[in-house]
Amino acid sequence: MDRADDRAAEAGIGDSASLTQITISSGFRRDDTSPTLDMDAVEEIASQPDVSAVVPILSLDGTIDLRASGLRGSGRVYGIYPSTTAYLGVDVAEGTLSLSASDPYGALIGASLQENFYDPDSDTYTAMEVALMGQDLEMRVYTQGTSYRSVTLEATGILSSGSSQDSSIFLPITTVIDLNERISGSEIDADDLVYDQILVQASSREMAGDVLDTLTELGYNASGMGSYLSQINDFFGTMRLMLTAVGGVPLLVAAFGVANTMTMAILERTREIGLMKAVGATDRAILTIFLSEAGMVGLIGGIAGLGLCYVFQYGVNSVLNSMGTTSDTISFMNATISVSDLGGNLIAIPAQLALIALTLAAYVGIAAGLYPAYRAARMTTVLALKSD
């Protein structure tokens, strides 16, 4: 079933961008010698092999309250350099993926954020959706107690759902610095910023694990979905080895069955072997005939087994497709998997795997029939002809 399990794991984690993305957090430092997430750290990380992009992120220090169309909501506010928006690893469902320093309150808004507004006058909480694209969004930034500063945001883009930024609001970093200065009451030197997070994009999914290891060795508190996927794939690798070992038992039993069948066939055809030798058949020719028969027995068994596998594959995938008519997701290995991401196929049998299985079955048959065929080839003509 090849890499269907790997695709299932990937589908449960998220899109391909999340598999190449590594997050470095400043919330934990091993000791005083651990790197500070400042511009020097950004330059050091960017210089590492297989790092394609680095996105420094500054969090808003205050609590926020969002208001739109008479409803209220909340979210997390981050500041980034407008030139780094393309490297966030997200797409936009509406608008454009862009920020501008000349538009300090133009914002990129996460998909789920606009779906979680509520009516403050209602006795019960009910999530309500507000289309924020094209309308003003009031953001109240609370500093101390009930004191707040109100700013009006305008969405330049609504992020596509399914990323880790679904509940985020991204503003130009200069805007977040200005708001943090108002919250703290002290000036912040933009040249000495300490970032809360740094997003690192690896050059490829295959290299994400190496980049993560390198950053960890440098002392950074780094984590990424790629490492989680590697752990899952390691689990599946171990499972494959176990299934191979379990599958080896019936393979051994089948080999004994072929050997027994060929031995019985030789005993029943002893006189026939004698006749073939009497008319000039060589030991090599006899050996070839019986090895060919043994190989055919193994190949026919392999074809039958492969046919059963295809029937099982069709049945499971048919059930999966029928589930997709009522729900777009299923649960597999504690992961939520999108049916569409799997293409409706939980089990896949690639053509090359089927070919390998048939070839292996034929060779097992030949190996199992080697000793009986050798016995047939070494029979004495006279004794073979005297056999009843």
Side-chain angles (χ1 to χ4, degrees), residues 14-18 21 53 55-122 124-143 147-183 196-197 199 201 328-329 338 340:
D15 57 21
S16 59
S18 66
Q21 191 175 90
V55 183
I57 297 177
L58 182 67
S59 299
L60 181 69
D61 292 335
T63 303
I64 69 163
D65 182 21
L66 302 176
R67 296 171 183 253
S69 303
L71 303 176
R72 298 173 65 175
S74 62
R76 300 167 297 174
V77 179
Y78 301 109
I80 61 173
Y81 295 100
S83 60
T84 65
T85 53
Y87 307 111
L88 282 172
V90 295
D91 296 319
V92 287
E94 298 180 70
T96 60
L97 186 65
S98 63
L99 295 173
S100 174
S102 60
D103 183 15
Y105 295 110
L108 293 173
I109 298 177
S112 66
L113 187 142
Q114 63 178 357
E115 299 171 356
N116 290 303
F117 279 80
Y118 66 95
D119 185 355
D121 298 325
S122 176
T124 59
Y125 174 83
T126 302
M128 305 177 70
E129 183 174 355
V130 177
L132 298 177
M133 195 68 192
Q135 73 164 293
D136 293 338
L137 171 65
E138 180 187 1
M139 182 175 74
R140 296 185 179 184
V141 182
Y142 290 86
T143 55
S147 176
Y148 65 87
R149 170 179 168 80
S150 178
V151 297
T152 301
L153 305 181
E154 182 180 355
T156 61
I158 304 297
L159 303 180
S160 299
S161 61
S163 73
S164 59
Q165 314 298 347
D166 275 358
S167 300
S168 303
I169 298 175
F170 288 102
L171 294 170
I173 196 167
T174 51
T175 303
V176 174
I177 291 174
D178 176 67
L179 293 173
N180 282 343
E181 286 180 337
R182 294 176 182 271
I183 292 171
D196 297 279
Q197 292 181 36
L199 294 184
Q201 288 288 352
D328 191 46
T329 60
S338 169
S340 59

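The analysis underlying the following values was restricted to heavy atoms, covering all of them including side chains, and did not include hydrogens, waters or symmetry mates.
Counting heavy atoms from C-beta outward, V92 and M133 have side chains that stay 4.5 Å or more apart. Looking only at side-chain heavy atoms (C-beta outward), T156 and D103 come within less than 4.5 Å of each other. At least one side-chain heavy atom of L153 sits less than 4.5 Å from a side-chain heavy atom of L171. F117 places a side-chain heavy atom less than 4.5 Å from the side chain of L132. The shortest side-chain heavy-atom distance between V176 and D178 does not fall under the 4.5 Å cut-off. Contact of the T175 side chain with the Y105 side chain is registered, since non-hydrogen atoms from C-beta on lie closer than 4.5 Å. Residues E129 and N116 have side chains not in contact (no heavy-atom distance under 4.5 Å, counting atoms from C-beta outward). With a 4.5 Å cut-off on side-chain heavy atoms, F170 and Q165 count as touching.
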Working for side chain to side chain contact (heavy atoms under 4.5 Å, CB included), residues I80 and I173 | CA-CA 5 Å; I80 61 173; I173 196 167; 5.6 Å; no

Tell me, with the steps shown, if L108 and L97 meet side chain to side chain contact (heavy atoms under 4.5 Å, CB included).
-> CA-CA 7 Å; L108 293 173; L97 186 65; 3.8 Å; yes

So D196 and I57, side chain to side chain contact (heavy atoms under 4.5 Å, CB included) or not? Walk me through it.
-> CA-CA 6 Å; D196 297 279; I57 297 177; 5.8 Å; no

V130/Q135 under side chain to side chain contact (heavy atoms under 4.5 Å, CB included): CA gap, chis, key distance, verdict | CA-CA 10 Å; V130 177; Q135 73 164 293; 3.6 Å; yes

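Although no hydrogens or angles enter the test, the distance criterion places a donor-acceptor pair under 3.5 Å between the side chain of S122 and the main chain of T124. For Q114 (side chain) and G110 (main-chain N/O), no donor-acceptor pair under 3.5 Å exists by modelled atom type. Side-chain N or O atoms of Q21 include one that pairs as donor or acceptor with a backbone N or O of L88 at under 3.5 Å. With hydrogens and angles disregarded, a donor-acceptor distance shorter than 3.5 Å links the side chain of N180 to the backbone of D61.
For Y118, the ring-ring contact (aromatic ring centres under 6.0 Å, His included) partners are Y125, not counting sequence neighbours. Residues satisfying the side-chain hydrogen bond (donor to acceptor under 3.5 Å, both in side chains) test with E138, not counting sequence neighbours, are R140, S150.
To the nearest 0.5 Å, atoms CG (L137) and CD1 (I109) are separated by 5.5 Å. The CD1 atom of I183 sits 12.5 Å away from atom OH of Y142, with the distance rounded to the nearest 0.5 Å. Rounding to the nearest 0.5 Å places CG of D166 at 8.0 Å from CG of L159.
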Give every donor-acceptor pair under 3.5 Å between a side-chain atom in residues 65-74 and any protein atom, sequence neighbours left out.
from : atom 1 : to  : atom 2 : distance (Å)
D65  : OD2    : R67 : NE     : 3.1
D65  : OD2    : R67 : NH2    : 3.0
D65  : OD2    : R72 : NE     : 3.3
D65  : OD2    : R72 : NH2    : 3.0

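Taking each heavy atom of P172 and P82 in turn, the nearest pair found is CB-CG, 4.3 Å. The two residues A93 and S160 have their closest heavy-atom pair at N-OG, 3.4 Å.
For S112 and S167, the side-chain atoms include at least one donor-acceptor pair closer than 3.5 Å.
Few gaps surround CD on Q197; more than 12 heavy atoms of other groups in view lie less than 6.0 Å from it.
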